[in-house]
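Keep in mind the model is a prediction, meaning the values are calculated, not measured. Starting from 1, each residue takes its place in the sequence as its number.
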Amino acid sequence: MAFDLTKSIRYVKGVGERRARLFEKLGIADVGALLRFYPRIYQDWSHPLKIREAPLDTPCCVAAKVVVPPTEHIARSGMKIYKATVSDGQDEMEITIFNSKYAAARLKRGEEYLFYGKVSGSFLIREMTSPEFEKAGAARYIRPIYRQTKGLTTKIIEGIIRAQLKEAKGALPDPIPAYLREKYKLPALYDALCGIHFPKTWQDVTEARRRLIFEELLILQLALQSKKIQGKRENSARVTQNYAEEFASLLPFTLTGAQKRCIDEAISDMMGDTPMSRLLQGDVGSGKTAVAAALCYTVAKNGYQAAIMVPTEILAEQHYAFFKKLEDKTKLNTALLTGSLTLSEKRRIKEALKSGQIDLVVGTHALITSDVAFKSLGLVVTDEQHRFGVSQRGALATKGENPHTLVMSATPIPRTLALIIYGDLDISILDELPPGRQQVKTYIITGDLRQRCFNFIKKHIHEGRQAFIVCPLIEDSEDTELISAVKYAEELERGPFSGYKTGLLHGQMKASEKEQVMRAFLNREIDLLVSTTVIETGIDVPNATVMVVENAERFGLSQLHQLRGRVGRGKHQSYCILISDAKGEDTLRRLEVMRSTTDGFIIAEQDLSLRGPGEFFGNRQHGLPELKIANLATDMRVLKEAQRVSIWILENDPALEKQEHKELSTAVNSLFSKLIE
Ligand code: ADP
Ligand code: MG
């Protein structure tokens, strides 16, 4: 009989109700999760060293006999300290134990022990402080160290996992089918779990990890890919005529090659058998709006309505203005729908949407309220999609019958990673900026030059330009953020910028207040905007030419890139000044990346490799489940392989119905249910 992985942790031998609660704290509810609770690190007790072989300041295991058993000393603080001397026959070492009479009493004269800890001291006197130790007889193995919680030590966890693995022997269902294990020379699940929890050699760990990482990524890919397949329904808003060129001829500028390519990719989707479901990634200023516009135009000319949803009213107005300017030529009936319209205006627009009079609507969340209905919604565009909640993202599409969807994002992420994270979307990348764009000049300065930086800002304000100063959240408390930004703005207003029109923007303000400030900035009623990182992404203020970032070392590269993208949007030369007193080599290297390139994709790659995926994705909603063992930055090769294999599997067995895929299908379904919120 197959081993039951769904058995509640409560009923596992050695657990019980109290420990079950502690296990739940560690995210372990059943036996399956227990076996997949991989060690955080290992301690190698398998090959104890001689004292003279022990490296300094690196954890290691030393075998030695007690020659002088612990004696008690009282430190000035009152703390009890126990000191013993041990010897391996050649050299001696001092052992220091703090405050534990019980531990000290376990060390008996003449007995041999294994000590695990960091050796320190000079060439003559070696010492180990607060080591773990055991009688030398047992204990010679590579020990798994688990994340623990109060009352549930790594030792206890180890014992429980060991017992469960024993029971599971020969009865563990394996999600990776035998033919794949053979092909990739991967160990079976049982062997991999033994290898990861109780390796005999380091090679065991490597082998086990290889298999478990592959498994994790394969299941993730299959779940994402099948989401894509299941998402593909009938194309009920099929485009039959391509109006891209006609639209291009109406524009005051020539489309870039990248824009044309992305438009073509999308239109060929919309002409296909299933609705389009595409992500358009493009750096700030790469012209995503024009791409979206070409698609809206094409859809409208084919007899369907299009809707663009954006996160803020100002952005909605800016997009709307773009279409309105072209309305004479496009002849599209365009409307704006936001929360701040009067009731009667809203009613009028809603009626026109329902009757089909309106071809294109641009709006905010107001678009997804329940009383908005369309006659024939054919295309839904979501701009700055990360700003919407998961449920909001899908809501607009339900107002049509399988409409095409385009989501736009200005957060460049490395292409390979995008392919994987957005496995359920097709991806177009706008990797070319419109011509004639001025490069923003970037400088890195230390705090003592701040005064000169302020003078620089003033000079630009006198020339009629505007500037931003961004300061980071000084501490992680929300209140502190408020105080620091507010205080800073006040200081500037009273000091260096008295007589100038300054404004303030921070995360504690209501959406409507933020909009008010942004609007004032847009209308040049504010010269200098002091802000935390909440500055609205995507807003075009072509007159702003200076972006100053305080404590620049505290920001991620991608974030700095986003901030820099707020300037350089008009015809004036723009500047980004990063203020930092940090001296760390890593920090300086990161800031140097900002100076050396303005390519968002290069910056994203650097950011990912310098900070790792945890940080990189830190405050971004990427919708991925937490990975237990794979690392998206370092396991990229496996990731690509897993993606290839998953596509191949689904081509041959789209519903994972074959007997050999039974376990795989179970694993995929369980992950899949977590992916569709
Ligand atoms: P983003 O990709 O950041 O949303 P926008 O769509 O707001 O960029 O475009 C930025 C600016 O570039 C806008 O003022 C837009 O009119 C202009 N633009 C877009 N495409 C082109 C082009 N091919 N040639 C010249 N200007 C362009
Ligand atoms: Mg935009």
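- Taking 4.0 Å as the cut-off between side-chain N and carboxylate O, K108 and E111 do not count as a salt-bridged pair.
- For the atom pair CD1 (I161) and OH (Y38), the distance works out to 10.5 Å, reported to the nearest 0.5 Å.
- For R52 and D91, the salt-bridge test passes: some basic side-chain N is under 4.0 Å from an acidic carboxylate O.
- Taking 4.0 Å as the cut-off between side-chain N and carboxylate O, R181 and E663 do not count as a salt-bridged pair.
- Under the side-chain contact (heavy atoms from CB on, under 4.5 Å) rule, I176 has a single partner from L664, L186, L212, I219, which is L186.
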Between V407 and L280, does a side-chain contact (heavy atoms from CB on, under 4.5 Å) hold up when you go through it step by step? CA-CA 6 Å; V407 295; L280 177 62; over 6 Å; no

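- Ion pair E265/R278 flagged as a salt bridge, since at least one NZ, NE, NH1 or NH2 atom sits closer than 4.0 Å to an Asp/Glu carboxylate oxygen.
- Side-chain contact between F23 and V12 is absent, with no heavy-atom pair separated by less than 4.5 Å.
- A distance of 12.5 Å separates CD1 in I196 from CG in L35, rounded to the nearest 0.5 Å.
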Yes or no on side-chain contact (heavy atoms from CB on, under 4.5 Å) for W45 and R143, after CA distance, side-chain angles and deciding distance? CA-CA 7 Å; W45 296 61; R143 273 192 202 178; 3.3 Å; yes

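- Between V119 and M93, some side-chain heavy-atom pair lies under the 4.5 Å cut-off.
- A distance below 6.0 Å separates the ring centres of Y146 and H197.
- A donor-acceptor pair under 3.5 Å links the side-chain atoms of D204 to the main chain of T201, judged by distance alone.
- Taking 4.5 Å as the limit, some side-chain heavy atom of F133 sits within range of a side-chain heavy atom of I97.
- The pair E207-R211 does not count as a salt bridge, with every side-chain nitrogen at least 4.0 angstrom from each carboxylate oxygen.
- For the pair E215 and R36, the salt-bridge criterion is met [side-chain N within less than 4.0 Å of a carboxylate O].
- For K155, the NZ atom sits in a packed shell: over 12 heavy atoms of surrounding residues, nucleotides or ligands are nearer than 6.0 Å.
- Under a cutoff of 6.0 Å and an axis angle of 45°, R162 and F198 form a cation-pi pair.
- Annotation: side chain of R590 is not in contact with side chain of M594 (no heavy-atom distance under 4.5 Å).
- Between R126 and L56, the closest side-chain pair of non-hydrogen atoms falls below 4.5 Å.
- Between R595 and E592 there is a salt bridge, since a side-chain N of the basic residue sits under 4.0 Å from a carboxylate O of the acidic one.
- Between F214 and Y184, the distance from one ring center to the other falls under 6.0 angstrom.
- Using a 4.0 Å cut-off between charged nitrogen and carboxylate oxygen, D586 and R589 count as a salt-bridge pair.
- Side chain of D88 to backbone of K50: no donor-acceptor contact under 3.5 angstrom is found.
- To the nearest 0.5 Å, atom OG1 of residue T129 and atom NZ of residue K118 are 10.5 Å apart.
- In this structure, the side chains of L22 and R18 come closer than 4.5 Å at one or more pairs of heavy atoms.
- Between the side chain of E216 and the main chain of A630, a donor-acceptor pair closer than 3.5 Å is present.
- At least one donor-acceptor pair closer than 3.5 Å links the side chain of D599 to the backbone N or O of I602.
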Stepwise side-chain contact (heavy atoms from CB on, under 4.5 Å) test for Y116 and E134: CA-CA 9 Å; Y116 193 95; E134 306 248 352; over 6 Å; no

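- If you take CD1 on I157 and CG on L34, they are separated by 8.5 Å, rounding to the nearest 0.5 Å.
- Between the side chain of D653 and the main chain of K658, a donor-acceptor pair closer than 3.5 Å is present.
- Around NZ of K135, the count of heavy atoms belonging to other residues, nucleotides or ligands within 6.0 Å does not exceed 12.
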